[in-house]
Amino acid sequence: MAPGLPGRRCGELYSSICHIPAGRRPIVWEPANEAERLRLEKLERVRARGIEPYPPRVRRTHSIAEAIALFETIEQAHPAAGEQAVETTPLTLCGRLVASRPKGKLTFADIEDGSGRIQVMIRQNAVGEELYEMFNRDIDLFDFVQADGVVFRTKMGEITLRVESFILLSKALTQLPDIKEQRLEDGTIRRYGSFTDPEARHRQRYADLAVNPEVRDVFRARAKTISALRRFMDEAGFLEVETPILQPIYGGAAARPFVTHHNALDHDMYLRISFELYLKRLLVGMYDAVYEIGRDFRNEGVSRKHNPEFTQLEFYKAYIDYNGVMDLTERMLGYTAEAVTGSTIVRFQGHEVNLAPPWRRISMHEAILEYAGIDYAAHPDTADLYRAIRAKGYEANPDHKWGELVGDLLDVVEPNLIQPTFITDYPIDISPLAKKKPGDPRHVERFEFFIAGLEMGNAFTELNDPLDQEARFIEMGRLYGTDSEEAHPVDEDYLRAMRYGMPPNGGFGMGIDRLVMLLTDQPNIREVLLFPALRIRDGD
RNA sequence: GGGGGCGUAGCUCAGUGGUAGAGCAGAAGCCUUUUAAGCUUUUGGCCGUGGGUUCGAGUCCCACCGCCCUCACCA
């Protein structure tokens, strides 16, 4: 905030407290509005009462969920208590004040911690006039408090902490968006007020999480997803490894990298765009099955399905081909869906999909014939295929190679692939790391799989012929040679590794963010990233 | 990068070229079993930023910034 605007007085006050020389005042927070100014005044008033608003010591005997469970256990053990009040022994709870209903010398409020929410009852008689006044005058919504008391059930049937005393744990100087909840007869909760602006929610995710419990649930599901995948891989006999994120040569995908610079070594480095080439080196090193879960970085546009950094699972397993990878994929996702949602049947944006194996397997040729009505095998000439695509009314890039035109047709197919589907056997010129299909020089043993119209992952029978691989790298380099931005460097060390002998193997890569989108029914990747990439903006 | 939409109080949103509004939050008062508490009173605005048209712009025009959708890009 610029000097001279309202609230400056408080900034000056803080400057003087901090002994900042005049003219050298650093950036000091100043209240942005009347509500914040009043909160700052309250903080000073609390200090004036001789109370530290951010005390170093906390005591908590139970989480809120534990306290409620404890009460319910006691209540069930004394069913004949009748009119006799049932209550717990004294305990201490901590949490954020999220609702307050003062009624004269009695106040009902709600506090919330990470485990849940409970009503607290504060009576002037119980806590004394001074504390009671402080609670109503100086404690605001969203402050953190610690409260001692016993848990009982009110006349209205609400499990409640009857407060004997309390202390302020942390003063909130900025108000969060206020959201009220009404519990209906059937137990559902109706909410009033909302914090929904996606920009504000993503730039200030902490506020989003603080007031929107369902957003917290999304990231719990994300954590469960990753831990289920890891459990599945571990139990399937895979070794979890970590490979370099900072790489001297990037590869394994056709994406533009982020470039950075190592000062001491004085050379440029790249943030990885895939794990592939490092993980396959490990098969040369005689691990039979490896996987990695981690972040990839691609310097491309952002969209509903793309974030510049995203989380990927890749695995490579010796002595299987892409058919074996499909078997593993089905089982892995069925297992993960079950672990996260309790069922293999998942609802996503109005669709109901069943992730239980087996999934449909259909070749790219058949899929394009079925959904785009084009028999691309009947058009082996690039210009001919281009005309056939245009004749059907689809867009096509005239500069694309034959295999790229085929790949483009997948965009027509994709929205139709609602139930989990493996699309198999891709054109070779868009698949430089996959092994050729026997007896078919134009295709490789590769599949991608789609669920609810989303492309989820990519896998092949991995190419382990070092000379074929070298030829493909050179072809790639020639292809992209005209465009330095997309030039693909030849990874000589990777070729050397292959020349030592690489076992036949099947490899797999999957975007975990998209899987979380599917399992949490979120249509936008930003909703499953805690801090999605946003343009830098003043003040954020 | 192209096309479309949006940007007004802390939050969610109204607003016809003519005095900037509502609900909730906030403040003051009353209230000892409330629970979206209630009743009374009330504070709060660079209408994204900068130009322009006009007697007069939140509103119309242009540019820029940001967000959303979409296309392109993206194995």
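Order of the sequence lines fixes the chain letters, A, B, ..., with proteins taken first and strands second; residue numbering starts at 1 for each chain.
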Using a heavy-atom cut-off of 4.0 Å across all strands, would you classify A:Ser274 as base, sugar-phosphate, or nothing?
nothing
So what's B:C24 paired with, Watson-Crick or G-U wobble, going by both distances under 3.5 Å?
B:G10
Sub-6.0 Å ring centroid separation between A:Tyr386 and A:Trp402
no
Tell me whether the centres of the aromatic rings in A:Tyr270 and A:Tyr250 are closer together than 6.0 Å.
yes
Nearest of B:C69, B:C11, B:A27 to any side-chain atom of A:Leu38?
B:A27
Which of B:U35, B:C74, B:A75 is nearest the side chain of A:Met156? It is B:U35
Regarding A:Arg153, tell me which of base, sugar-phosphate or nothing describes its non-hydrogen contacts under 4.0 Å with the strands shown.
nothing
Just call it for A:Glu395: base, sugar-phosphate, or nothing, with non-hydrogen atoms closer than 4.0 Å on any strand.
nothing
A:Gln175 side-chain proximity, nearest of B:C69, B:C68, B:G10:
B:G10
Can you identify which nucleotide, out of B:U32, B:C73, B:U12, has its nearest atom closest to the A:Phe195 side chain?
B:U12
Residue closer to the 5' end of RNA chain B, A:Glu181 versus A:Gly193 (nearest nucleotide)
A:Gly193
Ignoring the backbone of A:Leu106, work out which of B:C13, B:C67, B:U33 is nearest its side chain.
B:U33
Give a yes or no on whether A:Glu214 atom CD has more than 12 heavy-atom contacts from other residues, nucleotides or ligands under 6.0 Å away.
yes
At 4.0 Å (heavy atoms only), tell me whether A:Arg137 reaches a base, stays on the sugar-phosphate, or touches nothing.
sugar-phosphate
Given B:U34, B:U12, B:A75, which nucleotide is nearest the side-chain atoms of A:Lys103?
B:U34
Side-chain contact check for A:Lys180: nearest option of B:A36, B:C73, B:C13 is B:A36
Which nucleotide, B:U32, B:U34, B:C11, lies nearest any side-chain atom of A:Pro177?
B:C11
Out of B:C13, B:U35, B:U43, minimum distance to the side chain of A:Glu34 belongs to B:U43
Can a donor-acceptor pair under 3.5 Å be found between the side-chain atoms of A:Ser303 and the base atoms of B:U70?
no
Determine whether the aromatic ring centres of residues A:Phe508 and A:Phe449 are separated by less than 6.0 angstrom.
yes
Has the side chain of A:Asn125 got a donor or acceptor atom sitting under 3.5 Å from an opposite partner on the base of B:U32?
yes
Identify whether any heavy atom of A:Asn524 sits under 4.0 Å from a base atom; if not, whether one sits that close to sugar-phosphate; answer base, sugar-phosphate or nothing.
sugar-phosphate
Looking for any heavy atom pair under 4.0 Å, which part of the strands does A:Ser431 touch: base, sugar-phosphate only, or nothing?
nothing
Within 45 degrees of the ring normal and closer than 6.0 Å to the centroid, is that where the cationic atom of A:Arg446 sits relative to A:Phe460?
no
So A:Arg304, base contact, sugar-phosphate only, or nothing? Heavy-atom distance under 4.0 Å.
sugar-phosphate
Under 4.0 Å, heavy atoms only, any strand: does A:Tyr192 hit a base, just the sugar-phosphate, or nothing?
base
NA contact type, A:Leu433, heavy-atom cut-off 4.0 Å: base, sugar-phosphate, or nothing?
base
Nearest to the side chain of A:Lys105, heavy atoms from C-beta on, is which of B:U34, B:U32, B:C68?
B:U32
Could you check whether the side chain of A:Asp178 and the base of B:G26 have a donor-acceptor pair of N or O atoms closer than 3.5 Å, going by distance alone?
no
Between A:Phe135 and A:Phe166 (judged by ring centroids, cut-off 6.0 Å), do the two rings come close enough to count as a pair?
yes
For RNA chain B, whose closest nucleotide is more 5', that of A:Ala35 or that of A:Ser194?
A:Ser194
To the nearest angstrom, the CD-C1' distance between A:Glu36 and B:U43 comes to 15 Å
